[in-house]
**Q** 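My structure is below; once you've seen it, I'll send some questions.
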Amino acid sequence: MKRREELDKYHEFSEEELRAETARLKESLFRLKFKLALGEVDAVKRIRQEKKSLARLETLVRQRPEASK
């Protein structure tokens, strides 16, 4: 997914959806790191993508006004 499309999708999420997506990405990263430890080569690219997506989500959560929390 292109970065702009991903950001637009995340901007439409509610607080609860953002938290759920953050939890999903963290779980996915955990599983990918496990696969990498087992020697799966294609996990490296996906780890990089997931980490960037997680960082974008966390930035978006931080940028939202305090009143919506």
**Q** Nearest heavy-atom pair of Tyr10 and Leu60: which atoms, and what distance?
**A**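 The answer is O-CD2, 3.4 Å.
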**Q** Kindly compute the distance separating CZ (Arg24) from CG (Leu29), expressed to the nearest 0.5 Å.
**A**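 CG of Leu29 is found 9.5 Å from CZ of Arg24.
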**Q** According to the salt bridge (charged side-chain N to carboxylate O under 4.0 Å, His left out) rule, which pairs have a member within residues 29-38, sequence neighbours left out?
**A**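 Found Glu27-Arg31.
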**Q** What pair of heavy atoms forms the shortest contact from Arg64 to Phe13, and how long is it?
**A**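 Closest heavy-atom pair between Arg64 and Phe13: NH2-O, 2.8 Å.
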**Q** Determine whether Thr59 and Arg62 make a side-chain contact, defined as any pair of heavy atoms from C-beta on separated by less than 4.5 Å.
**A**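 With C-beta onward as the side chain, the pair touches.
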**Q** My understanding is that only residues two or more places apart in sequence, or in another chain, count here; which of them pass side-chain contact (heavy atoms from CB on, under 4.5 Å) with Leu36?
**A**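 By the side-chain contact (heavy atoms from CB on, under 4.5 Å) rule, Leu36 matches Ala43, Val44, Ile47.
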**Q** CG of Leu57 to NZ of Lys9: how many Å apart, nearest 0.5 Å?
**A**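 Spacing of CG (Leu57) from NZ (Lys9) equals 8.0 Å.
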**Q** Taking salt bridge (charged side-chain N to carboxylate O under 4.0 Å, His left out) as the test, write out the residues that go with Arg48, two or more places apart.
**A**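 Per chain and number, Arg48 pairs via salt bridge (charged side-chain N to carboxylate O under 4.0 Å, His left out) with no residue.
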**Q** Mind checking the CG-NZ spacing from Leu32 to Lys51? Nearest 0.5 Å is all I need.
**A**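 These two atoms lie 11.0 Å from each other.
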**Q** By the rule that ILVMFWY residues connect when side-chain heavy atoms come within less than 4.5 angstrom, directly or transitively, which residues belong alongside Phe30?
**A**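 Listed partners: none, Phe30 stands alone.
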**Q** Listed by chain and number, what are the side-chain hydrogen bond (donor to acceptor under 3.5 Å, both in side chains) partners of Thr22, not counting sequence neighbours?
**A**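 Not a single residue meets the side-chain hydrogen bond (donor to acceptor under 3.5 Å, both in side chains) criterion with Thr22.
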**Q** Using side-chain hydrogen bond (donor to acceptor under 3.5 Å, both in side chains) as the criterion, list what pairs up with Arg46, not counting sequence neighbours.
**A**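 Arg46 satisfies side-chain hydrogen bond (donor to acceptor under 3.5 Å, both in side chains) with no residue once adjacent residues are dropped.
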**Q** Between Arg3 and Lys52, is any pair of side-chain heavy atoms under 4.5 Å apart?
**A**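 The answer is no, as the side chains (C-beta and beyond) never meet within the 4.5 Å cut-off.
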